[in-house]
2 protein chains.
Amino acid sequence: MAKGTLSSSGSLSAKAPEERRERILRATVDVVRTRGFAGARVSDIAEAAGTSQGLVLYHFRSLAGALDAALTLLEDEFYDDLARDLQEQVGPVERLRHMADLGAGQGPAVGDWRLWLELWVRALHDPDARETRESLDRRWRAALREVIAEGVASADFDPLDPDGAAIRLASLMDGLAIQLALDDPDMTTQRLADLWWDAAVLELRMQP
Amino acid sequence: MAKGTLSSSGSLSAKAPEERRERILRATVDVVRTRGFAGARVSDIAEAAGTSQGLVLYHFRSLAGALDAALTLLEDEFYDDLARDLQEQVGPVERLRHMADLGAGQGPAVGDWRLWLELWVRALHDPDARETRESLDRRWRAALREVIAEGVASADFDPLDPDGAAIRLASLMDGLAIQLALDDPDMTTQRLADLWWDAAVLELRMQP
DNA sequence: GCACGTGCTGAACGCTCATTCAGATAGCCT
DNA sequence: AGGCTATCTGAATGAGCGTTCAGCACGTGC
């Protein structure tokens with residue numbers, strides 16, 4: 001059992017405690033994705049991260065702490081996803097089109113609807129989660145409103161009720177996504193995107 | 001300690017075992033409503049029903065059994081709610097209008113969106129719940145399709161895409177309901193009903 | 001009047017799981 | 001070299017909770 005190259009045997013603490021923490025955080029998100037908030041155990045997280053249970057509690061103060069951290073990680077990634085994806089597009093029509101695809105499951109955070117479902121239910125009972133989801137939802141709706149306003153300015157859109165259209169389109173995405181998240185046989189990512197896009201055409205009175 | 005009038009002291013077992021069972025079932029639904037499926041404890045149910053924990057397990061075989069029973073109770077009530085409410089109305093426009101109000105929180109089962117959220121997440125991990133929610137959703141969508149078909153026949157509606165409209169309107173209701181269930185400051189029952197109705201007007205191209 | 005089954009209770013059992021803790025290891029400063 | 005601290009581990013602890021169980025009450029059939 002030689003000392004090895006650089007990082008040693010036994011506990012591979014050598015360096016990268018931060019990298020370790022990161023790995024645990026990712027693992028936490030994964031576990032929530034598969035087991036749900038309610039089903040997430042410290043041992044699950046430890047196993048998924050390839051560490052001991054002790055370390056999970058060492059980096060985050062408790063299981064709840066780890067779950068909260070995962071929540072804010074999600075929030076950050078959502079913002080990044082959204083911002084990056086929308087800035088790549090040029091006109092309002094293209095942006096809107098891209099939002100349809102975004103909802104249908106691109107991006108690491110935005111399209112992960114199982115995670116959203118979990119967040120919603122957690123928000124039902126946990127004030128922290130409630131705030132996170134409200135902030136996320138505001139953000140998403142604001143982005144939609146912006147795109148709509150942009151399209152109205154450029155005469156691409158002509159909605160009867162811009163605010164109502166924004167809320168409805170945002171909510172419609174949520175509702176369609178539920179079926180997707182639950183593997184409803186009648187729903188696919190393509191169908192979701194199409195159904196949503198058609199609704200947008202109708203709501204915003206777009207001309208083909 | 002006289003024998004009392006009829007039902008005796010101690011355990012009030014006298015009669016009505018069936019009534020007792022019913023009370024426990026109601027209590028289970030209540031607990032799920034407030035604590036969620038994941039947070040429901042046998043002791044919560046017993047307390048809410050005013051019985052011992054033992055009795056809960058006596059009538060249903062396990063906690064899971066009680067939760068399952070609550071689920072099917074919900075399913076039955078949903079069907080009853082829906083059928084009764086729709087048969088009271090005459091024309092397609094009135095029926096549709098009523099569906100908007102239904103979603104906005106009438107009826108003991110249909111409008112209870114917190115319960116729906118809970119069901120959705122349970123469906124994510126429990127096959128029984130998955131089947132229940134799928135059946136419920138099919139039913140709701142079928143009712144919507146029927147009303148739409150009726151309205152097309154009577155020339156009250158003129159949708160471009162009847163099937164798409166049905167799915168979208170059903171999904172929109174779910175999406176709006178999420179905000180209502182989560183006490184989003186921007187959503188009220190009235191607003192939900194209005195937003196949904198406006199969408200229906202648009203989708204079905206109704207004339208005022 | 002007496003056994004018996006059903007309804008019901010409260011205490012006890014045992015398991016799962018978050019959290020604590022007593023170290024082990026390794027870099028770092030002096 | 002020799003502490004000191006940060007990182008990490010595996011086992012121990014203990015609380016919470018579902019489930020089991022021994023037994024009480026009471027109506028029913030013999």
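To find a chain, count down the sequence lines: A is the first, B the second, and so on, and within it residues start at 1.
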With respect to the side chain of B:L57, which nucleotide from D:dT20, D:dT7, D:dT9 is positioned closest?
D:dT20
So does A:Y58 get a side-chain nitrogen or oxygen closer than 4.0 Å to the phosphate oxygens (OP1/OP2) of D:dT7?
yes
Closest to side chain of A:R20, choosing from C:dG10, C:dA18, D:dC8
D:dC8
Pair A:I45, A:L63 - check side-chain contact (heavy atoms from CB on, under 4.5 Å), show working.
CA-CA 9 Å; A:I45 298 173; A:L63 173 60; 3.9 Å; yes
Look at A:H59 and D:dC8 and indicate whether a side-chain polar atom (N or O) is within less than 4.0 Å of OP1 or OP2.
yes
Atom CZ of B:R61 to atom P of D:dT19: distance rounded to whole Å?
10 Å
Residues B:E77 and B:R26 bridged, charged N to O under 4.0 Å:
yes
Round to a whole Å and report the spacing from CG of B:D44 to P of D:dG16.
13 Å
Using a cut-off of 4.0 Å on non-hydrogen atoms, how would the nucleic acid contact of B:L55 be classed: base, sugar-phosphate, or nothing?
base
Nearest-Å distance for atom pair CZ/C1', residues A:F60 and C:dT19:
16 Å
Provide, to the nearest angstrom, the distance between the CG atom belonging to A:L63 and the C1' atom belonging to D:dG16.
15 Å
Taking the six-membered ring for Trp and the single ring otherwise, decide whether the centroids of B:F37 and B:W120 are under 6.0 Å apart.
no
Gap between atoms CZ and C1', on B:R21 and C:dT6 respectively (whole Å):
15 Å
Out of C:dT9, D:dG18, C:dT19, whichever nucleotide has its closest atom nearest the side chain of A:Q53
C:dT19
Given the ring of B:Y79, does B:R139 sit roughly above its face, with NZ or CZ under 6.0 Å from the centre of the six-membered ring and within 45° of the axis?
yes
May I ask you to say what A:A40 touches in the nucleic acid, namely base, sugar-phosphate or nothing, with a heavy-atom cut-off under 4.0 Å?
sugar-phosphate
Look at B:R41 and D:dG18 and indicate whether a side-chain polar atom (N or O) is within less than 4.0 Å of OP1 or OP2.
yes
Quickly work out the A:E22 CD to D:dT7 P distance and round it to whole Å.
15 Å
Does A:E88 pair with A:R84 as a salt bridge, N-O distance under 4.0 Å?
no
